[in-house]
*Asks:* 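My structure is below; once you've seen it, I'll send some questions.
The figures here come from the full heavy-atom set of this structure, side chains too, leaving out hydrogens, waters and symmetry mates. Naming convention: chains lettered A, B, ... in sequence-line order (proteins, then strands); numbering from 1 in each chain.
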Amino acid sequence: MNENDVPAGAIQEAERLAARSINCEPPGALARKLAEGRPLRVKLGVDPTAPDIHLGHTVVLQKMREFQDAGHTAVLIIGDWTARVGDPSGCSSTRPMLSGEEIDANAETFRRQAFHVLDEARTEVRNNGEWFAGMGLAEVVSLASRATVNQLLRRNDFATRMAEDRPLSVLELLYPLMQGYDSVMVEADVELGGTDQLFNLMLGREVQARYGVPTQVCLTMPLLVGTDGVQKMSKSLGNYIAVSDPPQEQFGKAMSISDETMPEYFRLLFPAEPGPDGHPAEAKRRLGRLIADRFHGPGAGEAAERHFNIVTRDRGAPEEIPLVVLAPGDPVHLPAVLVDHLGVASRSEARRLIQQGAVSLDGEAVREADVARARLDGAVLKAGKRRFARLRVTP
RNA sequence: GGGGGGAUGCCCGAGUGGUCAAAGGGAGCGGUCUGUAAAAUCGCCGGCUCAGCCUACGGAGGUUCGAACCCUCCUCCCCCCA
């Protein structure tokens, strides 16, 4: 179809679907696909390397949901097989491979959590082990013939590693090819990803072309910056808000985002909502409510905010405190209780908290490790800012 | 195939026979401040019912009154020459 034959409606629709994206390559391709008037097959590949999905993942998932809502088919590929290779994207060195059990468990978690955003009924989930597990050497060689090393080395981090003479395994070189093969197998019309995926997505087009099938549109989304406001959100950096985090935690983490990064959260996560305005702290409260509501249902945000007000703003005890029944013994050794029931890392750590006055009983700082049993019944034990337990002494 | 360098606490990184549970920085935690923002500031930051003890400087042995530091072997990483 000629550029000029694309109906204006398709061009508009393409623009709408590409909203907020960083790349939509090649130019005009999405509109041409849309002009064909059939549901497009929109692919997203995920590596089940981290068990939990976080807000960063949801940016791309939401884009996929937009396609679903426009009547297109979402194809979610779980890279159960490719996870064994280790995606070198953005990494300066080779990632460790995962065991089969880990991968399976992660994949299952990912599936479950992805459907917080995607419409399960309209999502096709595929494991790429489906076609890779039984692949013979002949087929591997055939796949390898579809791209040149020159093409692969155009990728920045590969080129850098070559230049600096750091190791770059053949396995890693193979990875983009495998990802491209996924596209061939599911007949992808569009592949989504973060901006760091652009190279792999584009190479997918190359692979598709060499297999003689239609090539995909590559649509990439911005990477959400983490709660530290510096690096991209990632599990391993610990700067993430997980989909599975309890609402109070999501709200709290939202409040701790820096003022500068907050607008980006609104823009990428809640494009339909009005952006931040007024006092930044108020805007963040709204952000926190929106996040908690999205993943825990309407009302979760307000409850989380109440909890926040009581515990963090007013430094009080929350509405609901887990009850802890103390084991026999008098006096009671507090470090043990703190470790067993309040999530303190070690007894030494607990001692330090006590020394620093961070442990209190009914609001009164405790200064010694051993406390008379009689003093504890019914008391609220607090460690640090927000760890609580109501104590009960066995009769 | 030959020659050289390196492996230290969550991460980076000093330390080259006792004063080392190991400088410094980052991360983290706890205070002050405050909007759980930023910035600033003080303290903590291996374990243990803790003035003491135990475990730790890639692994295994050895020398020594005493080793992260010296020796031997092993594993892994990096560099240079071919």
*Asks:* Would you kindly give the CD1-to-P distance between A/Ile354 and B/C45, to the nearest whole Å?
*Replies:* 15 Å

*Asks:* Suppose you measure atom C1' in B/C11 against the same atom in B/A7; what distance do you get, rounded to whole Å?
*Replies:* 15 Å

*Asks:* Rounded to the nearest Å, what distance is computed from the CD1 atom of residue A/Ile257 to the C1' atom of nucleotide B/A38?
*Replies:* 14 Å

*Asks:* Tell me whether the side-chain N/O atoms of A/Arg351 come closer than 4.0 Å to OP1 or OP2 in B/C45.
*Replies:* no

*Asks:* Send over the distance from A/Ile310 CD1 to B/U36 P, rounded to a whole Å.
*Replies:* 14 Å

*Asks:* My understanding is that only residues two or more places apart in sequence, or in another chain, count here; which of them pass side chain to side chain donor-acceptor pair (under 3.5 Å) with A/Glu349?
*Replies:* A/Arg352

*Asks:* For A/Glu187, is the CD atom crowded, meaning more than 12 foreign heavy atoms sit under 6.0 Å from it?
*Replies:* no

*Asks:* Can you tell me, in whole Å, how much space there is between the C1' of B/A23 and that of B/G9?
*Replies:* 13 Å

*Asks:* Could you work out the separation of B/G6 and B/C20 based on their P atoms and round it to a whole Å?
*Replies:* 24 Å

*Asks:* Looking at A/Ser346, does any N or O in its side chain come under 4.0 Å of the phosphate oxygens OP1/OP2 on B/C48?
*Replies:* yes

*Asks:* Quick one: do A/Lys382 and A/Asp362 make a salt bridge, cutoff under 4.0 Å?
*Replies:* no

*Asks:* If you assign A/Phe308 and A/Arg347 each to the RNA chain B nucleotide with the nearest heavy atom, which residue ends up on the more 5' nucleotide?
*Replies:* A/Phe308

*Asks:* Watson-Crick or G-U wobble partner for B/G1, using a 3.5 Å limit on both distances?
*Replies:* B/C81

*Asks:* Can you tell me how the ring of A/Phe132 sits relative to the ring of A/Tyr181, calling it parallel under 30°, perpendicular over 60° and tilted otherwise?
*Replies:* tilted

*Asks:* Could you identify the nucleotide paired to B/G24, looking across every strand shown and requiring Watson-Crick or G-U wobble geometry with both distances under 3.5 Å?
*Replies:* B/C12

*Asks:* Which base sits across from B/C76 as a Watson-Crick or G-U pair, both distances under 3.5 Å?
*Replies:* B/G6

*Asks:* Give me the distance, rounded to whole Å, that separates B/U63 from B/U55 when you measure between the C1' atoms they each carry.
*Replies:* 23 Å

*Asks:* Reading nucleotides 20-31 of chain B 5' to 3', which nucleotides get B (base under 4.0 Å from a protein heavy atom), which S (sugar-phosphate only), which -?
*Replies:* ---------SSS

*Asks:* What does B/U34 pair with, Watson-Crick or G-U, if both distances are under 3.5 Å?
*Replies:* none

*Asks:* Could you check whether A/Arg146 makes a cation-pi contact with A/Tyr211, meaning its NZ or CZ is under 6.0 Å from the centre of the six-membered ring and within 45° of the ring axis?
*Replies:* yes

*Asks:* Going by purine N1 to pyrimidine N3 plus the second Watson-Crick contact, or the G-U wobble pair, all under 3.5 Å, which nucleotide sits opposite B/G43?
*Replies:* B/C29

*Asks:* Determine the Euclidean distance between corresponding C1' atoms of B/C73 and B/C81; express it in Å to zero decimal places.
*Replies:* 27 Å

*Asks:* In whole Å, what is the span from the CZ atom of A/Phe266 to the P atom of B/A37?
*Replies:* 17 Å

*Asks:* So if I take every side-chain heavy atom of A/Arg352 and compare against B/U36, B/A37, B/G47, which nucleotide ends up nearest?
*Replies:* B/G47

*Asks:* With a 6.0 Å cut-off (strictly less than), is the heavy-atom count around CD of A/Glu139, excluding the residue itself, greater than 12?
*Replies:* yes

*Asks:* Looking at B/C50, B/A37, B/U36, which one has an atom nearest to any side-chain atom of A/Ser348?
*Replies:* B/C50

*Asks:* Between B/C45 and B/G1, how far is it from one P atom to the other, in whole Å?
*Replies:* 50 Å

*Asks:* Check step by step if side chain to side chain donor-acceptor pair (under 3.5 Å) holds for A/Gln208 and A/Ser183.
*Replies:* CA-CA 7 Å; A/Gln208 285 175 314; A/Ser183 291; 4.5 Å; no

*Asks:* Could you tell me how far apart A/His279 (NE2) and B/A38 (P) are, to the nearest whole angstrom?
*Replies:* 13 Å

*Asks:* Output the rounded distance in Å from CE (A/Met262) to C1' (B/U36).
*Replies:* 14 Å

*Asks:* Rounded to whole angstrom, note down the C1' distance from B/A60 over to B/G15.
*Replies:* 24 Å

*Asks:* Would you please confirm or rule out a distance under 4.0 Å between OP1 or OP2 of B/A37 and any side-chain N or O of A/Ser256?
*Replies:* no

*Asks:* Check the distance between B/U36's C1' and A/Met255's CE and give it to me in whole angstrom.
*Replies:* 7 Å

*Asks:* Compare side-chain N and O positions of A/Arg285 against OP1 and OP2 of B/G35 and report whether any pair is under 4.0 Å apart.
*Replies:* no

*Asks:* Could you tell me the separation between the CD atom of A/Glu282 and the P atom of B/A37, rounded to a whole number of Å?
*Replies:* 15 Å

*Asks:* Do A/Lys284 and A/Phe251 meet the cation-pi criteria used here (NZ or CZ under 6.0 Å from the six-membered ring centre, within 45° of the axis)?
*Replies:* no

*Asks:* Closest-nucleotide mapping onto RNA chain B: is A/Gln248 or A/Gln355 further toward the 5' terminus? I mean the 5' end.
*Replies:* A/Gln248

*Asks:* When the C1' atoms of B/G43 and B/C74 are considered, how many whole Å apart are they?
*Replies:* 44 Å

*Asks:* Does the plane of the ring in A/Tyr240 sit parallel, tilted or perpendicular to the ring in A/His54? Use 30° and 60° as the thresholds.
*Replies:* tilted

*Asks:* For a quick check of understanding: with a heavy-atom distance under 4.0 Å over all strands, which category does A/Thr312 fall into, base, sugar-phosphate or nothing?
*Replies:* base

